[in-house]
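Notes follow once the structure below has been shown.
Computed from heavy atoms alone, side chains included, the values below leave out hydrogens, waters and symmetry copies.
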Amino acid sequence: YSKGFNMSKTPLRVGYITGSGTVLDLATNATVTDTRIHGIQASGVGTFLITGTSTDSYTTVKGNNIKFILTTNNDTLYMMYPDLGVRMEGIVKVSAPTSAATTTIFYG
């Protein structure tokens, strides 16, 4: 690593949501924004879409979307994104397939 590069680690935090909407931090109840997702755990049947994008003043879209499908009631998902994680810009939102589906996001 080069001199002056900050290698400090940010502790991971946990956000959670049942159904669809804005992801909230479990400890502080704050909206999860402008972060990197390092892991996801989900349960439910159908298509999940996790969105964390914003548009700057030059109409450039920044951030990413994560989409996955769970096919049976026995499915649960745990995905890890090692190293830098997946960059999310703006408010992190989940579009879940049902109101009973759960999504846990490990971020920081």
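- With sequence neighbours excluded, no residue forms a side chain to side chain donor-acceptor pair (under 3.5 Å) with Thr59.
- Contact annotation: the side chain of Ser95 never approaches that of Phe48 to less than 4.5 Å [non-hydrogen atoms, C-beta and beyond].
- Between the side chain of Arg87 and the backbone N or O of Asn64, no donor-acceptor pair lies under 3.5 Å.
- From Leu12, atom CG reaches atom NE2 of His38 across 5.5 Å, with rounding to the nearest 0.5 Å.
- Counting heavy atoms from C-beta on, the side chains of Val45 and Thr71 never come closer than 4.5 Å.
- Applying the side chain to side chain donor-acceptor pair (under 3.5 Å) rule to Ser57 yields no partners; only residues at least two apart in sequence or on another chain are considered.
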(request) Report the C-alpha distance between Asn65 and Leu49 in whole Å, list the side-chain angles of each, state the deciding distance to 0.1 Å, and finish with yes or no for side-chain contact (heavy atoms from CB on, under 4.5 Å). (result) CA-CA 7 Å; Asn65 295 322; Leu49 177 63; 4.0 Å; yes
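- Put simply, OG1 on Thr53 and CD1 on Ile91 are 10.5 Å apart, with the number rounded to the nearest 0.5 Å.
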(request) Carefully, step by step, assess Phe68 and Ile50 under the rule side-chain contact (heavy atoms from CB on, under 4.5 Å). (result) CA-CA 9 Å; Phe68 56 92; Ile50 300 172; 4.1 Å; yes
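- In this structure, OG1 on Thr22 lies 5.5 Å from NZ on Lys93, to the nearest 0.5 angstrom.
- Applying the ring-ring contact (aromatic ring centres under 6.0 Å, His included) rule to Tyr16 yields no partners; only residues at least two apart in sequence or on another chain are considered.
- Every side chain to side chain contact (heavy atoms under 4.5 Å, CB included) that Met80 has, sequence neighbours left out, goes to Tyr78.
- Side-chain contact between Glu89 and Thr33 is absent, with no heavy-atom pair separated by less than 4.5 Å.
- Between Ala96 and Ser20, the closest heavy-atom pair is N-OG, 2.8 Å.
- Linking Ile, Leu, Val, Met, Phe, Trp and Tyr whenever their side-chain heavy atoms come within less than 4.5 Å puts Met79 and Val23 in one cluster.
- In the hydrophobic clustering of this structure, Ile17 groups with Leu77; members are Ile, Leu, Val, Met, Phe, Trp, Tyr whose side-chain heavy atoms approach within less than 4.5 Å, directly or through other members.
- Hydrophobic clustering (side-chain heavy atoms under 4.5 Å, transitive across Ile, Leu, Val, Met, Phe, Trp, Tyr) keeps Leu24 apart from Val14.
- With sequence neighbours left out, Arg36 forms a salt bridge (Lys or Arg N to Asp or Glu O under 4.0 Å) with no residue at all.
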Which donor-acceptor pairs under 3.5 Å do the side chains of residues 100-108 make with protein atoms, sequence neighbours left out?
unit_1	atom_1	unit_2	atom_2	d
Thr102	OG1	Ser43	OG	2.7
Tyr107	OH	Asp25	OD2	2.4

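- Side-chain atoms of Asp34 come within 3.5 Å of backbone N or O of Gly90 as a donor-acceptor pair.
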(request) Before giving the answer on side-chain contact (heavy atoms from CB on, under 4.5 Å), spell out for Lys67 and Thr47 the whole-Å C-alpha distance, their side-chain angles and the decisive distance to 0.1 Å. (result) CA-CA 7 Å; Lys67 184 177 182 179; Thr47 301; 3.5 Å; yes
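- A single hydrophobic cluster is not seen to contain both Val32 and Leu26; linkage of ILVMFWY side chains at heavy-atom distances under 4.5 Å, directly or through other members, places them apart.
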